[in-house]
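Working notes for the structure below.
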Amino acid sequence: MTFEVYIHVPFCMRRCGYCDFNTYTARDLGEGASRGNYARMAVREMELVRAWQAAHDIREQKTATVFFGGGTPTILPAADLVAMLDAVRRIWGIEPDAEITTEANPDTVDADYIKRLADGGFTRISFGMQSAVPHVLATLDRRHTPANVEAGLRAADACGLRSSVDLIYGAPGESLEDWRTSVRTAIDLGVNHVSAYALTIAPHTKMGRMIAAGDLPQPSDDDEAAKYEIADEAFADAGLHWYEISNWARPGYESRHNLGYWRNVDWAGIGPGAHSHYRLDGEAAGVASSSLESGAGDNPKSKDCGADDAVARHDDAGFRKTAATAPGTSSISVATGSVGLRAWDIAHPRAWAHAINAGTVPWGGCEGITAQEDREETLMLGLRLREGFDTSRFAGIIPDEAWVSLQSEGLITLAPGSRAGQGCIAVPTLRGRLLNDIIIEHLFDYL
């Protein structure tokens with residue numbers, strides 16, 4: 001099973017009005033959760049997680065990809081990012097051809113910073129471009145300029161790093177021509193990978209409150225669909241082909257880390273609010289009934305994850321109310337029938353750091369993944385990919401006519417599978433990408 005590591009850096013210079021991520025602008029949040037000390041705390045969490053894995057007989061391959069997200073990872077010194085990467089190499093090992101990516105705010109990097117990343121083992125950098133239109137950037141509370149993005153990309157090129165840009169469409173006041181400008185600018189920059197996401201409005205954000213008050217217009221589903229079609233056509237004409245609903249790349253330049261998520265691989269999430277995922281099949285099939293003994297009867301959704309007997313119990317300040325135990329000394333409360341495990345770190349950096357200082361894996365909770373949930377996730381994720389979903393995986397569960405019905409509605413294409421006489425490969429069409437939820441809802445009825 002492929003193994004990946006995600007490292008969340010929760011710090012930002014300022015909070016954008018649309019942002020709903022787990023990020024903080026303060027330099028020091030207490031208990032050692034400061035910008036200056038963050039790398040050391042993250043490395044300590046890695047060590048605790050690895051000890052927990054060993055105690056529960058979870059054996060992973062060397063790390064295939066590492067991804068630094070945020071927040072703004074590049075708000076930290078390049079040396080801190082390299083130190084965390086070196087810790088991944090020491091603790092889990094890293095494959096020789098591993099993909100090592102960091103997200104970057106164009107305002108926080110220069111040529112010297114990017115060279116330090118390249119010298120430290122990074123192979124890829126993803127710039128938060130969002131838009132090339134000044135008034136759209138202002139609506140999104142972004143301060144960088146298109147020139148900053150280009151400077152970062154040229155520096156990455158000079159260091160031999162692969163690069164990508166992230167775009168957001170559907171911002172209030174963004175016209176179709178504004179969006180075409182952003183798409184054309186990204187293409188003209190010569191990037192080999194683009195991610196484009198529809199703006200999501202969270203009610204409690206600054207932008208969400210402004211929309212609720214009528215100070216900004218509500219984004220339109222039809223407008224966002226039109227912008228998706230504009231992007232897909234322009235990117236394809238430029239040789240950037242979709243490989244996941246929100247991602248386009250030239251052949252061979254796909255984000256391997258993100259593909260891992262869609263393929264439902266194992267990953268360890270490090271940092272406040274980061275999620276982890278472990279499958280308990282194959283070599284680890286016996287884990288659910290032995291090393292990961294159930295302490296909660298037949299309830300596969302128990303939150304007692306064995307990282308500590310009381311890791312999920314906190315007082316109003318976020319601190320645990322009971323004493324810590326060594327990582328891995330408690331049995332994990334995941335029912336024997338679970339086929340996987342999902343866990344999430346404590347969200348607030350101060351409480352997260354407090355748990356680490358107490359020698360505890362800083363999980364805020366976890367849950368077992370049932371066979372039913374695993375089928376749902378496998379289907380939902382697989383049908384986002386251009387490589388498609390092999391219908392034979394659910395032979396006898398989803399009837400052939402269900403797939404044929406979706407094809408007749410123009411939502412998917414069906415091509416012969418890799419094994420003669422055994423299923424087809426279902427791939428969402430452009431219409432199916434826009435209406436992906438309808439495909440999933442239709443198929444979930446059979447699971």
| field | Validation row: L443, L383 side chains within 4.5 angstrom (heavy atoms) | value | yes
| According to the interplanar angle, ranging from 0 to 90°, do the rings of W267 and Y261 count as parallel (below 30°), tilted (30 to 60°) or perpendicular (above 60°)? | perpendicular
| message | Counting the benzene-type ring for Trp, do W403 and Y446 have ring centres under 6.0 Å apart? | response | no
| Is the closest side-chain donor-acceptor distance between N247 and S195 under 3.5 Å? | yes
| said: I'd like to know if the side chain of D266 and the backbone of F3 have a donor-acceptor N/O pair within less than 3.5 Å. | reply: no
| said: According to side-chain hydrogen bond (donor to acceptor under 3.5 Å, both in side chains), who are the partners of T23, at least two apart in sequence or on a separate chain? | reply: R15
| query | Under 4.5 Å between any side-chain heavy atoms of E254 and E244, yes or no? | reply | no
| query | Can you find a side-chain donor-acceptor pair between H56 and W52 that sits under 3.5 Å? | reply | yes
| request: State, with a plain yes or no, whether a side-chain heavy atom of H277 is found less than 4.5 Å away from one of N264. | output: yes
| Listed once per pair and sorted, the side chain to side chain donor-acceptor pair (under 3.5 Å) pairs that draw on residues 434-443, sequence neighbours left out | none
| request: Tell me yes or no: between the side chains of N148 and T145, is some donor less than 3.5 Å from an acceptor? | output: yes
| task | Please confirm whether F11 and Y24 have ring centers closer than 6.0 angstrom. | result | no
| message | Quick one, K227 with L176, criterion side chain to side chain contact (heavy atoms under 4.5 Å, CB included). Give me CA distance, side-chain angles, the key distance, then yes/no. | response | CA-CA 7 Å; K227 288 172 179 173; L176 292 179; 3.7 Å; yes
| E45 to I270 - nearest heavy-atom pair and separation | OE1-CG2, 3.4 Å
| note | The side-chain hydrogen bond (donor to acceptor under 3.5 Å, both in side chains) partners of S182 (sequence neighbours excluded) come to S131
| Stepwise side chain to side chain contact (heavy atoms under 4.5 Å, CB included) check, I425 with F389 | CA-CA 5 Å; I425 303 299; F389 184 84; over 6 Å; no
| How far apart are the closest heavy atoms of P106 and V149, and which atoms are they? | CG-CG2, 3.7 Å
| task | Output, in order, the C-alpha distance, side-chain angles, deciding distance and verdict of side chain to side chain contact (heavy atoms under 4.5 Å, CB included) for E150 and R154. | result | CA-CA 6 Å; E150 182 170 11; R154 298 290 84 86; 3.5 Å; yes
| Chi angles and distances behind the salt bridge (charged side-chain N to carboxylate O under 4.0 Å, His left out) call for E377, R279 | CA-CA 12 Å; E377 291 177 5; R279 295 184 67 87; over 6 Å; no
| message | Donor-acceptor pair, distance only, cut-off 3.5 Å: does the side chain of E103 make one with the backbone of G69? | response | no
| message | Taking R142's backbone N and O only, do any of them form a donor-acceptor pair with R14's side chain (distance below 3.5 Å, no angle check)? | response | no
| What pairs of residues pass the side chain to side chain donor-acceptor pair (under 3.5 Å) test when at least one of them lies in residues 80-98, not counting sequence neighbours? | E47-R90, Q53-W92, D86-R89
| said: Before you tell me yes or no, could you show the steps for K206 and D141 under salt bridge (charged side-chain N to carboxylate O under 4.0 Å, His left out), namely the whole-Å CA-CA distance, both residues' side-chain angles and the distance that decides it to 0.1 Å? | reply: CA-CA 10 Å; K206 174 186 173 184; D141 281 336; 3.4 Å; yes
| Would H135 and D178 count as having a side-chain donor-acceptor pair, cut-off 3.5 Å? | yes
| message | If you apply the rule side chain to side chain contact (heavy atoms under 4.5 Å, CB included), what do you find for V88 with I7, and how did you get there? | response | CA-CA 10 Å; V88 173; I7 300 172; 4.1 Å; yes
| task | Would you please say whether a donor-acceptor pair under 3.5 Å links the side chains of S392 and D390? | result | yes
In residues 163-172, what donor-acceptor pairs under 3.5 Å come from side-chain atoms, sequence neighbours left out?
from	atom 1	to	atom 2	distance (Å)
S164	OG	H193	O	3.2
S164	OG	H193	ND1	2.7
D166	OD1	S126	OG	3.4

| request: Considering non-hydrogen atoms only, spot the tightest contact between P146 and A132 and give its length. | output: CG-O, 3.6 Å
| said: With a 3.5 Å distance limit and no angle check, can you tell me whether T101 reaches the backbone of I125 through a side-chain donor-acceptor pair? | reply: no
| Going by atom types alone, do T185 and D188 pair a side-chain donor with an acceptor below 3.5 Å? | no
| Side chains of L81 and F68: does their closest heavy-atom pair fall under 4.5 Å? | yes
| field | Side-chain touch I412/V427, heavy atoms, less than 4.5 angstrom | value | no
| Do you know which two heavy atoms are closest between G423 and T391, and how far apart they sit? | CA-OG1, 3.5 Å
| Check: R375 main-chain N/O paired with T378 side-chain donor or acceptor under 3.5 Å | no
| request: Please name the residue in the list Y243, Y197, Y228 that meets the ring pair (Phe, Tyr, Trp, His ring centres under 6.0 Å) test with W248. | output: Y228
| query | Should H8 and D345 count as side-chain neighbours, where that means a heavy-atom distance under 4.5 Å? | reply | no
| said: Parallel, tilted or perpendicular, judged at 30° and 60°: which one describes the rings of H257 and Y6? | reply: tilted
| message | Tell me if a side-chain donor or acceptor on T72 pairs with a main-chain N or O of N105 at a distance below 3.5 Å. | response | no
| task | Compute whether any side-chain donor of one residue and acceptor of the other, for E4 and T65, lie under 3.5 angstrom apart. | result | yes
| request: Flag the pair V361 / I356 as yes when at least one side-chain heavy-atom distance between them is below 4.5 Å, and no otherwise. | output: no
| request: Keeping to residues at least two apart or across chains, list the salt bridge (Lys or Arg N to Asp or Glu O under 4.0 Å) pairs with something in residues 212-221. | output: none
| task | Heavy atoms only: give me the nearest R124-L161 pair and the separation to one decimal. | result | N-CD2, 3.9 Å
